[in-house]
Number of protein chains: 2
Amino acid sequence: MTETRQRLIDGALETLRDKGMAATSARTIAAAASANQGLIFYHFGSVDQLIIEACRVSTEQRVQHYRQRFAAVGSLRELLGIGRELHATELAAGNVTVLAQVVAGAQQNEAFAAAGREAIEQWIAEIERVLRRLLRGSPIAPAVDQPGLARGIAAAFIGIELYDGVDAGGAQAALAALEQLSVLAEVLDDLGPVARRAVRSRVRKAQARTPGPRPAGAP
Amino acid sequence: MTETRQRLIDGALETLRDKGMAATSARTIAAAASANQGLIFYHFGSVDQLIIEACRVSTEQRVQHYRQRFAAVGSLRELLGIGRELHATELAAGNVTVLAQVVAGAQQNEAFAAAGREAIEQWIAEIERVLRRLLRGSPIAPAVDQPGLARGIAAAFIGIELYDGVDAGGAQAALAALEQLSVLAEVLDDLGPVARRAVRSRVRKAQARTPGPRPAGAP
DNA sequence: GTCTATAGAGGGATAGAC
DNA sequence: GTCTATCCCTCTATAGAC
């Protein structure tokens, strides 16, 4: 990986993060990277390919960076707490803003869609691992479709990141409110066997109402 | 409102929805509207202003369209069920995809940011009204910051809408999982006074841990 | 109000010198 | 690998005929 190549990737990330997809062009990226515009095409073939590569690299780094933190999470509240930390640091420095731009640009662009899917899946994998660990033996486990919830959390987070660009105070309030919701999970955990029975029965009713994909092992 | 004006707004919505912000230009909009490109500037002054106006009009219509449905909601599960319905119909016909594009484009554009904020706030107002009604007297009420949660739900929904463009199956799973989570709220509602006490005590502990904005009336 | 034509800026991408 | 120069395209926006 040449040094110029790296500078271009950094320049692309910086431009996407600070100015958004609309203002991200070969010229603006080259300016941010203090590099020649033509080099983008020499190294990456096209602007789109550079953006995709930048998204890939940055996701890998950021997921890596948070991996140990995810591993240390011991409760749903702490998971949502990481969400807040991620929001604070990633807004300024990070990958999630870039990812949001790529995903927004993916609606008509299959290459972006593939890149966005791959990136989101990396975050999902981490979230899913934490959820599996946290919910093992919990009374609320039957009410949680872990793969689905992990996807919901990741998507919600991207939405909040975009919402922040439009109403920063609102985004803050949203994160705080979601974090506070973990109280409900804690209460149910506290209530133990009583909760377990109630959850089981409710889940059965719910599944009868809206038949959908069931957890593996269900009839 | 001239007929051409209306056609241009419809053309803008159609283009944003089907091709995304990147491919939305005076020329593509005019083509979708079967109108002359120059008329955009005659009627709206600029492409951005047309997009903003289109977002405004469409949000007003769609929120209006869902208002009675929101009013009929009797449980958290039903609220999330509307989310699914909204997802299904709005993806094809609707406003939320457009809103997501505007919000994504808002990161560097103050005019888009204002338009996005205004639009989201209309959805938030509806969600907040439903939450207030549903949570009145519920044991879980103290664990819910209603304005914050309403913002979280709206932002999460936008995120899921974008995620759909990248992984439609994943978005479906996410919505289903979130809907299923309402089981937890139902269980706590069932448990009545027991749950009420547990929630109160847990909320106090949580607030001591992370001091933040409190509900009105708190010390 | 609607059309054509066009100015002028900025975009992606390439050729070819170094 | 890097740089300059340039082609050709699309974009916004306007001028002016109808």
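Each chain gets a letter, A, B and so on, in the order the sequences are listed, and its residues count up from 1.
Classification of A:R117 and A:E121 as a salt-bridged pair fails, no side-chain N sitting under 4.0 Å from a carboxylate O. Between B:E128 and B:R151 there is a salt bridge, with a side-chain nitrogen of the basic residue lying less than 4.0 Å from a carboxylate oxygen of the acidic one.
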Return a single string for nucleotides 11-18 of chain C, one symbol per nucleotide in 5' to 3' order, where B is base contact, S is sugar-phosphate-only contact and - is none, cutoff 4.0 angstrom on heavy atoms. BBBB----
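Residue B:Q6 contributes atom CD, which lies 17 Å from atom C1' of C:dG1 at whole-angstrom precision. Computed from coordinates, the B:E3 CD to C:dG1 C1' distance equals 12 Å when rounded to whole Å. One atom, CZ of B:R7, and another, P of C:dG1, lie 13 Å apart when rounded to the nearest Å. In this structure, CE of A:M21 is placed 21 Å from P of C:dG10, rounded to the nearest angstrom. Straight-line distance from the CD1 atom of A:I29 to the P atom of C:dG10: 17 Å, rounded to whole Å. A straight line from CG of A:L39 to C1' of D:dT2 spans 5 Å, rounded to a whole angstrom. B:H43 places its NE2 atom 16 Å from the C1' atom of D:dT14, with the value rounded to the nearest Å. Between A:I40 atom CD1 and D:dC3 atom P there is a gap of 12 Å when expressed in whole angstrom units.
Under the side chain to side chain donor-acceptor pair (under 3.5 Å) criterion, the residue pairs touching residues 154-178 of chain B are B:H87-B:E161, B:H87-B:D164, B:Y163-B:D167, with sequence neighbours excluded.
Side-chain N or O atoms of B:Q107 include one that pairs as donor or acceptor with a backbone N or O of B:V103 at under 3.5 Å. Judged by distance alone, with hydrogens and angles left aside, the side-chain atoms of A:R62 form no donor-acceptor pair with the main-chain N or O of A:V96 at under 3.5 Å.
A heavy-atom distance below 4.5 Å is not found between the side chains of A:N95 and A:V63.
For B:N36 and C:dG1, the shortest distance from a side-chain N or O to OP1 or OP2 is not below 4.0 Å.
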